[in-house]
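First the proteins, then the strands, lettered A, B, ... as listed; each starts at 1.
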Amino acid sequence: DTAVSQTPKYLVTQMGNDKSIKCEQNLGHDTMYWYKQDSKKFLKIMFSYNNKELIINETVPNRFSPKSPDKAHLNLHINSLELGDSAVYFCASSQGRQGSLFFGSGTQLSVL
Amino acid sequence: AQSVTQPDIHITVSEGASLELRCNYSYGATPYLFWYVQSPGQGLQLLLKYFSGDTLVQGIKGFEAEFKRSQSSFNLRKPSVHWSDAAEYFCAVVPRGGQGGSEKLVFGKGTKLTVNP
């Protein structure tokens with residue numbers, strides 16, 4: 001059973017398009033995250049949701065909007081995609097907020 | 001400035017050899033400390049963590065890490081490396097105190113491990 005699953009695994013699209021990435025966790029965790037990993041493997045948090053409330057929104061362009069319909073889901077919608085958005089996006093979850101995260105396998109986004 | 005540093009970008013070891021990956025942090029108070037591993041094409045997996053207590057912590061897959069307060073270090077070790085250990089390894093910290101928790105998790109830049117047969 002996949003603990004944190006995200007779809008799609010690969011996403012190739014044109015500049016200016018709008019796309020969504022979906023994430024679901026079946027661990028019963030109360031906190032979910034979106035991370036961006038750049039081409040140099042550097043990981044940076046984008047969003048964190050605890051019990052469906054946004055805790056943090058680092059300096060992410062407002063073209064990125066997280067949506068959490070319930071505690072088990074955290075989707076990422078991206079408007080007006082830019083070349084610089086190309087990266088691997090990881091969803092993660094945790095019970096509580098002590099740093100023990102479970103990660104999905106990532107979505108590789110390529111903007112052409 | 002607060003930071004977590006992994007001095008080695010890339011390490012190559014032979015299968016069966018011992019391994020040590022370095023991690024140093026710069027925080028006012030000892031943060032919560034973690035090691036994650038990322039296999040090619042996969043997400044990150046937690047290997048081990050240190051919150052308090054015994055400074056030598058055991059993790060999964062035969063890994064251990066030792067917290068040394070005097071050196072502000074949390075190095076990861078394995079006595080005998082297997083080919084399947086080839087991956088990217090990330091040290092991470094969560095600052096103690098103040099508000100917030102794992103949303104403050106900060107990752108090092110990673111160390112890529114190559115294992116030669």
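To the nearest 0.5 Å, atom OH of residue B:Y25 and atom OG of residue B:S3 are 11.5 Å apart. Taking CD of B:E88 as the reference point, atom NZ of B:K109 lies at 12.5 Å (rounded to 0.5 Å).
Proximity to chain B is limited to the side chain of A:Q37, based on heavy atoms less than 4.5 angstrom apart. Heavy atoms closer than 4.5 Å to chain A are found in both the backbone and the side chain of B:F107. Contacts of B:Q42 with chain A are made by both backbone and side-chain atoms, with heavy-atom separations under 4.5 Å. At a 4.5 Å heavy-atom cutoff, the contact between A:K9 and chain B is made by side-chain atoms alone. Contacts between A:S94 and chain B at a heavy-atom distance below 4.5 Å involve the side chain alone, from C-beta outward.
Annotation: maximal heavy-atom pairing with chain B below 4.5 Å, among A:S105, A:G104, A:C91, occurs at A:S105. Most heavy-atom pairs under 4.5 Å with chain A, from the set B:V93, B:L46, B:V106, B:L44: that is B:L44. Of the listed residues (A:F90, A:F42, A:F102), the one with the most heavy-atom contacts under 4.5 Å to chain B is A:F90.
Within the cation-pi definition used here (under 6.0 Å to the ring centroid, within 45° of the axis), B:K49 does not qualify as a partner of B:F34.
We find that B:R22 and B:D8 are joined by a salt bridge, their nearest charged nitrogen and carboxylate oxygen being less than 4.0 Å apart.
Across B:P31 and B:V94, no two heavy atoms sit closer than the pair CB-O, 3.3 Å.
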Please test B:F51 against B:Y32 for ring-ring contact (aromatic ring centres under 6.0 Å, His included), starting from the C-alpha separation and ending with a verdict. CA-CA 5 Å; B:F51 288 175; B:Y32 301 114; 4.7 Å; yes
